[in-house]
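Hydrogens, waters and symmetry mates are skipped; everything else that's a heavy atom, side chains included, is used.
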Amino acid sequence: MPTLKINGQEITVESGLTVIQAADRLGVRIPRYCYHPGLSIEGNCRICTVEIEKMPKLTTACTTPAADGMVVWTDSPPVDKARKGVLEFLLLSHPLDCPVCDAAGECDLQNYYMAYGAYQSRFAESKLKKRKVVDIGPTVLLDNERCILCTRCVRFTNEVSRSGELGLLNRGVETEIGLFPGKKLDNLYSGCVVDICPVGALTDKDFRFQVRPWYLKSTPSICPHCSRGCNIVVDWQTERPHHGGGKRVFRLRPRHNQDVNRWWMCDIGRYGYHFVDSAHRLREPLMASEEEPEEGEEVPMIPTDWERALAKAADLLAAKPALVVSGDASNEELWAFRKLVGEEAHALYYLPPPEPPDHLLFTGERSPNRKGAELMGYQIVLGKGAETAIREAAGEAGALLVVGSAFSDSLQRAGSSIPIVVITPLWKAGRARVVLPSAVWVEKDGTFTNLDGRVQRFRKALQPLGTARPGLAIASSLAEKMGRSPISAEAGHAFASLAAEVPAFSGMTLEAIGDGGWPAKL
Amino acid sequence: MKPIPQEPPRDHMFLNMGPSHPAMHGIIKIQLELDGETIVGSQVEIGYLHRGFEKTCENRTYTQVIPYTDRLNYVSPLINEVGFCLAVEKLFGLNVTRRCQYIRVLMSEISRITDHLTCIGASAMELGAVSAFLYLIKARETLYDLIEEVSGARVMPNYIRVGGLKSDLPEGFEERTRLAMGEVRSVLDETHRLLTRNRIFVDRLSGLGVISAEDAVSHGFTGPCLRSTGIGYDVRQAEPYLVYDRLDFDVPVGETGDNYDRYLVRMEEMKQSLRIIEQCLAQMPQGPYQVDLDGREMTPSEVIEGMKAKPPLQPIRQARIRLSPDLEGTEKRSVQDVVADDKTVVFPPKEDTYGNIEGLMQHFKLVMYGHGIRPPRGEVYQAVEGGNGELGFYLVSDGTDLPYRLRCRGPCFHLMSGLSTMIEGETVADVVPTFGSINMIGGELDR
């Protein structure tokens, strides 16, 4: 357990840590390009040089193991000078791309130049030309001129995604990042190389030129695409609708959580946000026409207002309903709908057929809250067995309440003869008496329980599209109309009631869960 | 100030003066309680031009605030800019170059003259002296020409920047300033001949709108209105900023605090401002210029030819330039002398922004939302002597790129609070010269 001093502050760390890691623990920020806590240490960028007393020269903080009695200075005049020198070299051939570079605003070259460089340019020669806009895979573009050769992406593909597509090609000043022959950067985690690129060399095709990053607002959230529950950040903006063709959510980024996803997320989650602003989002309630349809034609669905739709739904659900939930229903919503239909009613949770999991994060279980449904007493039905189970439940019930977007044909067939009330954000066509538009996960507050039973909180970033309402608010209105015991439309209150009733959640509050999550008592 | 009763007492009459009254600038309403033609009470209603200046600025970056300050006292906008920029620089603890300080003083004094010219011209016109108004506004126009030459705009210059100036003075500025000063001086002499001993003018001003020194202080009067009462408070001498302590000028004071004293104080202040401008021109350190290897001054075309040499001659590359035909004083070798040496505050010269990655990144870091100029945490108050008195900016920084709080102390607000006292016991016709001598500027009053 070495004890060392950094800028006069003393800290004891476990042996094996390097100086930069010890400094991070202290909250002393040492600039870094090649160092990343999730990757092996290489020490090639030299920006993290620090002064260590009794050492003959400046040393890189990322490669030097912390040793007992070390005295480290991270911003002494020699360190300052060295950083300026490193920056000047890194910027020698850097193109004047800020105006067209996606990374401007999130670029560590910009940040460190202002923080540590701020020298007067002396470069009067011609810049080295390299390949730009290199298509290296389905999701990522490479710009070799912007690259500072930190090799974070190379190490990522070797160590984390274990797909090994990238490497360093050529020698000397002509060194560049490139693909191994016959390979493409095409793996489930390819988007992560854009996150870890400290400059604008790797840019995301999905995000490219959509919006300048400084217009984006960020909200901590949880990925809804599998039961891992990766911690993410939702980057969104609504003030400039002319950017990105009116999109509101522009990208998802992983948020560090050592216990869940560390620094990474898969491409399924990363690019799986487009449904948020999709044309299939339902913006107002629909009601089946009262008129008898022509022979062989479907009952037309007519847009209506919330008051009528809720009244009709409450009317239909009065007759001993059964419940089928799927999609991104939060713990609070699962609990609220269970309350709404009554404890004795059939409550099913539909899970799409599982896919094979991978070595890192993706679980193959395409639902963020299966565990939560289990804890709330739902019967989990999946794949082909679902149809039978739902038919069985519907057979005993007077109505069917379907919550969530997975209102597949099989579900429809299963509940064939009884009236169906659907609460869903997405609607194409189907047989239902009432369809209520609900908010998607970025438009509501709540929690998911991941496959390990970790309760994780996601926050509301956007207003629901059109007149859509969060599931919890719909449950609350229906409870009122149906004369059931009141359900709070506010996630914090609903969660408090839930925690009081469901033993696995006892003692939790939304505030206490915070952004790190809290394991449920399993 | 006596509150106005709901119903006028017997024999009294209520009269609304403004906001639709030519002398009320369209933005002031004075409710008068009259006994015959004598004012026995009044209520001044302000706020018609309120636009949330302070709140707006709290949602703008420090650089974006500067154009908003132009809209405070819009007849002397450069003083407002100087005041705001000095406040931000105080947060940073930043010193601007000597030449920049002189230019700021020079532009402030030009603005002070335009302010007083407008005030005297407008109030003389409201008393029927239209020729005096035309002469004074013509003199103001020559000064606006100077401002336009320097900043590109007559009224909303946006010329002063945090840490310096938009650009250096253009070539030949000194000469043209001297010409303009001569013109202003002759107009002032003419105005003196037209007005100062004019029987009608003096009768309409003298002994009217009187405020005592005590009342003036208790209302928070500053500027010419305070000095007309005999109190010689002037921020430029009480709390010298920039290079005012190196300049020789007098602060004229009046005796009685009436309209005529305010007129005389303003007339004299303009003369003092002309003195300051002259001293600035004489003392100002010269900007850099381009010399060749022998120390001979080079023309821009010679410099361009020298740059074309392969490889470019180092001494010429590093040499200084006096003028470029395209960048209007913002080129590196010129602007460097009027901005502070701090890359985290001052924008890079345009050659750097477009010419090397360091300059480009610096420019981006200063304009991007959430990056920008970031003064350290703290709070400051910085006052300057505006056209109407002490113009103060109170700034609180939380270390981000937006001011956490910006409070503006505009002198007009306090002057207007004394208006009721000043017009009480006078006739309705006297409201016009008294109100005129206060020099209410809506942009600054209502903010």
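Side-chain contact check for Y113(A) and Q362(B): no donor-acceptor pair (N or O, by modelled atom type) lies under 3.5 Å.
With rounding to the nearest 0.5 Å, the separation of CD in E358(B) from CD in Q110(A) is 12.0 Å. Distance check, rounded to the nearest 0.5 Å: CG of L360(B) to SG of C101(A) gives 10.0 Å.
By the 6.0 Å contact criterion, OH on Y404(B) is open, its count of non-hydrogen atoms from other residues, nucleotides or ligands being 12 or less. Shown here is Y381(B), whose OH atom has more than 12 heavy atoms of other residues, nucleotides or ligands within 6.0 Å. In this structure, E174(A) places its CD atom where only 12 or fewer heavy-atom neighbours from other residues, nucleotides or ligands lie under 6.0 Å away. Within 6.0 Å of NZ in K81(A) there are 12 or fewer heavy atoms belonging to other residues, nucleotides or ligands. Heavy atoms from other residues, nucleotides or ligands lying under 6.0 Å from NZ of K217(A) number more than 12.
For the ring-ring contact (aromatic ring centres under 6.0 Å, His included) test, no residue two or more places apart in sequence or in another chain qualifies with Y273(A).
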Next on the checklist: The test is side chain to side chain contact (heavy atoms under 4.5 Å, CB included); show your working for D352(B) and Q120(A) and say whether it passes.
Outcome noted: CA-CA 9 Å; D352(B) 280 354; Q120(A) 188 60 45; 3.0 Å; yes
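Annotation: side chain to side chain donor-acceptor pair (under 3.5 Å) contacts involving residues 364-377 of chain B, sequence neighbours excluded, comprise N111(A)-K365(B), K365(B)-H371(B).
With a 4.5 Å cut-off on side-chain heavy atoms, C107(A) and F364(B) do not count as touching. Side-chain contact between L91(A) and M361(B) is present, with at least one heavy-atom pair separated by less than 4.5 Å.
Heavy atoms of L109(A) lying under 4.5 Å from chain B belong to its backbone as well as its side chain. Only the side chain of Y215(A) has a heavy atom closer than 4.5 Å to any heavy atom of chain B.
Of the listed residues G117(A), P99(A), A104(A), A118(A), the one with more heavy-atom pairs under 4.5 angstrom with chain B than any other is P99(A). Between chain A and the options N356(B), L366(B), I357(B), the largest number of non-hydrogen pairs under 4.5 Å is found for I357(B).
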